[in-house]
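Below is one structure; the comments refer to it alone.
By convention here, the first residue in the shown sequence is residue 1. Every heavy atom of this structure was used, including side-chain atoms; hydrogens, water molecules and symmetry mates were not.
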Amino acid sequence: MLYIRFAINQFFKKASANFIVPKDISILMLFLYPKMRIKFSSLLVLFFVSFSYSQNLDSLLTVARSTKDDSTKIRMLNKIAFSYIFNDTDKALQIINEGKSLAKTAEFNFGLTELTNTHGIYMDVTGQSDSANYYFSRALKLSRDYNFKSIEVMCINNLGMFHWNRSEFDEALRYFFEALKMNDNDGSVHGRSVYLNNIGLIYQEMNLNEKALKYHNEALEIREQLNLETDQVASLNNIGINLKDLGRIDDAIMAYKKALIIAERSQNLIDYYRVLDNLANAYYNNGDYNLAIEHYLKALDKPEGFVADEKGSLSTFSNLTSLYNEINQPRTALNYANKGFDLIKKFPHIEGMSADLNLHAAESYYMLRDFKKARTHTAKFIAVKDSIFSDRNAQAVADLEVKYDTEKKEKEILKQRADLAEQELTIQKKNYQVYGLLGLAFILGVIGYLFFNQQKLKNKQLQKENELKDALIKIETQNRLQEQRLQISRDLHDNIGAQLTFIISSIDNLKYGFDIKDEKLTSKLNKISEFTSETIYELRDTIWAMNKNEITFEDLQSRISNYIDKAHVYDDNIQFSFDVEDSVNQQKTLSSIEGMNIHRIIQEAIHNSLKHASATEIKVRIKQFKEQLKITISDNGNGFDVNSVKKGSGLTNMDKRAKHIGGELAMVSEQNSGTQIILKV
């Protein structure tokens, strides 16, 4: 499927309308004159059609009509009708109606939808805009009813073009955005660039240049990725136009130059000469008159056989006349003015654009003090302007006539509605009987629903009662577990705690009751005493954790602080610090297992620093990131190589405890650079 591209001489705009076109058409380019809105009815040049296709449409039509397969015949008729729209509109309509009639008979909905869309194009080309809107909308409805996505997006785009032609920019934007969204869901990257480009052009029409630039730049990026050089030239031109309108002339010139390079490389002569003219305009606006003249002359220097745009050429002659007047060369200016007048003689239909040329020519004659010819061209300038004004008045009168015809039609519609109202009264009486039966059925339905709903409420109530019983059983079980837990903790404290205290007391009695001179024995007894004391502390921590289902952070903080105070007594040469940031939620709760394991990891880390690090500072810091605690235990001691050190039971236990509570434990250390233990939980 190909996209029909529209190029506007005035701004070198590029938009796209989606049509069903023959597969053997390589590219279909349609050009519009400057200062005209994009209308199918204004199409001027149709080219780049393959020779075998353009050779004889009538023979293709004969082949199509002799085809036995209905679906193939309908598709061929649609393609041929589309081609005839730009050659013979009467024949195009005949073929469209022939195809639609066959599609309805054969119940070929895809072909009917295609032909309805083509019918809309025909109506727009022949200037019947209201009918065009009807057929585009009808084709859109059919495509949605039968889920023909490929035709749906074309109809949406064509409706956008329709509203654009009528300067209904908000509606046009709505359709183009809808087409873009649909393409993003099911379409191609190339299609996305087309709709981005169309949206940019609408914003360009609305003089919202910053927004237009955004969409043109997005379209350009896609076209560069796909190496679509012709489309790149169009996007760069549109970007240049908007930059120029924003007063960013130098940036616009850079965009035009880049477009020229691509157009020349791809031998895209049509775009090349249009860009040259735009670049010359930019130099003119920038005050670089010599460069502007140079590029205007290049734009006029087209190769032999090139189909020139007479309106564009007339504009260039007018600009050259003005430029040479600016640099005080009125005779040279008149040379180009006369070329412009010769062009008007050759193409009389462009005389309506000669106002500026006459004004600049009058200026040249005034500079040469030829006042008679100056006044003549001034009078021609005024006459052309008056003609344009008269055309506008004629258009206003035509609009009034349309309004009158519309009001007349509305009166006829009101009369028809009155007739319909009388018929509806007759039908309404019969409807009342039907409504009565429906009302009775509704009441019975409501009663049934209420009965069903009441039964449903009873079932819910029974379910809640069962859930309450289950909750009570669960609470009772938890209470029993808590009682058992308390009993175990009391037994641990009363029995094992008392026995451990007895061991410490016995060792102390041995040391002071006997004169033990063996230092090894004394050392052994001291170690046993210390180990027993540590066991008592760990036992107390275990009992503390067992007595609670949940441990608050405040409680955990108190336990850690007590341990650090005891560690400080162990070695008063070490500076301890314990810092809890304000970000930590003091009311945060932990399970007893989490609290005990965190406490044990901190204890083990501090113990390792005291025992092995020869540190002078030990710091414990706690932060909170969202719901996660980050606990850092650091010292400034000897440190060690994390990769080569053999992990002892202390480091291994810390790692196991962290994993047990779903945390992460990291160790950071280097020789002579201290150690950090980081716990995230």
Answer yes or no: does atom [atom1] of [X] have more than 12 heavy-atom neighbours from other residues, nucleotides or ligands under 6.0 Å?
X      : atom1 : value
Tyr146 : OH    : no
Glu467 : CD    : yes
Gln128 : CD    : yes

Run the salt bridge (charged side-chain N to carboxylate O under 4.0 Å, His left out) test on Arg166 and Glu171 for me, step by step, so that the C-alpha distance in whole Å, both residues' side-chain angles and the decisive distance to 0.1 Å come before the verdict. CA-CA 10 Å; Arg166 296 166 68 91; Glu171 276 296 294; over 6 Å; no

Apply salt bridge (charged side-chain N to carboxylate O under 4.0 Å, His left out) to Glu594 and Lys588, showing your working. CA-CA 12 Å; Glu594 287 175 334; Lys588 180 179 177 66; over 6 Å; no

Without swapping roles, check the side chain of [X] against the backbone of [Y] for a donor-acceptor pair under 3.5 Å.
X      : Y      : answer
Ser143 : Leu140 : yes
Thr72  : Lys68  : no
Asn242 : Asn238 : yes
Glu114 : Arg75  : no
Ser101 : Glu98  : no

Heavy-atom pair with the smallest gap, counting every atom of [X] and [Y]:
X      : Y      : value
Ala81  : Ala92  : O-CB, 3.6 Å
Gln624 : Leu629 : OE1-CD2, 4.0 Å
Ala252 : Gly240 : CB-O, 3.3 Å
Ala172 : Gly160 : CB-O, 3.4 Å
Ser193 : Ile222 : CB-CG2, 3.8 Å
Arg223 : Val194 : NH2-CA, 4.1 Å

May I ask you to test the [X]-[Y] pair for a side-chain heavy-atom distance under 4.5 Å?
X      : Y      : value
Asn237 : Tyr256 : yes
Arg248 : Leu213 : yes
His163 : Leu173 : no
Leu450 : Val446 : yes
Lys149 : Asn185 : no
Tyr122 : Thr89  : yes
Leu201 : His216 : yes
Glu178 : Met182 : no

Would you sort out whether Phe148 and Cys155 count as a side chain to side chain contact (heavy atoms under 4.5 Å, CB included), showing the intermediate values? CA-CA 11 Å; Phe148 300 144; Cys155 296; over 6 Å; no

Interatomic distance, [X] atom [atom1] to [Y] atom [atom2] [nearest 0.5 angstrom]:
X      : Y      : atom1 : atom2 : value
Asn217 : Glu221 : CG    : CD    : 8.5 Å
Leu142 : Asn147 : CG    : CG    : 13.0 Å
Arg144 : Thr113 : CZ    : OG1   : 12.5 Å
Thr118 : Tyr84  : OG1   : OH    : 15.0 Å
Asn78  : Lys100 : CG    : NZ    : 11.0 Å
Leu102 : Leu112 : CG    : CG    : 10.5 Å

Taking it one step at a time, do Met76 and Thr67 satisfy side chain to side chain contact (heavy atoms under 4.5 Å, CB included)? CA-CA 9 Å; Met76 289 182 69; Thr67 302; 4.0 Å; yes

Go through Phe108 and Asp70 one step at a time and tell me if the side chain to side chain contact (heavy atoms under 4.5 Å, CB included) criterion holds. CA-CA 8 Å; Phe108 184 51; Asp70 287 339; over 6 Å; no

Polar contact flag, side-chain donor to acceptor under 3.5 angstrom, Asp69-Ser71: yes

Restricting to salt bridge (charged side-chain N to carboxylate O under 4.0 Å, His left out), what partner residues turn up for Asp277, sequence neighbours left out? none

Check: Phe136 ring centre within less than 6.0 Å of Phe162 ring centre: no

Can you spot which of Phe176, Tyr195, Tyr203 makes a ring pair (Phe, Tyr, Trp, His ring centres under 6.0 Å) with Tyr215?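 It is Tyr203; the other options fail the test.
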
Quick one: side chain to side chain donor-acceptor pair (under 3.5 Å) pairs with a partner in residues 132-142, sequence neighbours left out?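 For residues 132-142: Lys141-Asp145.
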
Show your working on salt bridge (charged side-chain N to carboxylate O under 4.0 Å, His left out) between Glu210 and Lys214 and close with a plain yes or no. CA-CA 7 Å; Glu210 291 289 359; Lys214 174 181 179 294; over 6 Å; no

Check the pair Leu468, Lys464 against side chain to side chain contact (heavy atoms under 4.5 Å, CB included), reporting the backbone distance first and the verdict last. CA-CA 6 Å; Leu468 182 59; Lys464 286 183 179 180; over 6 Å; no

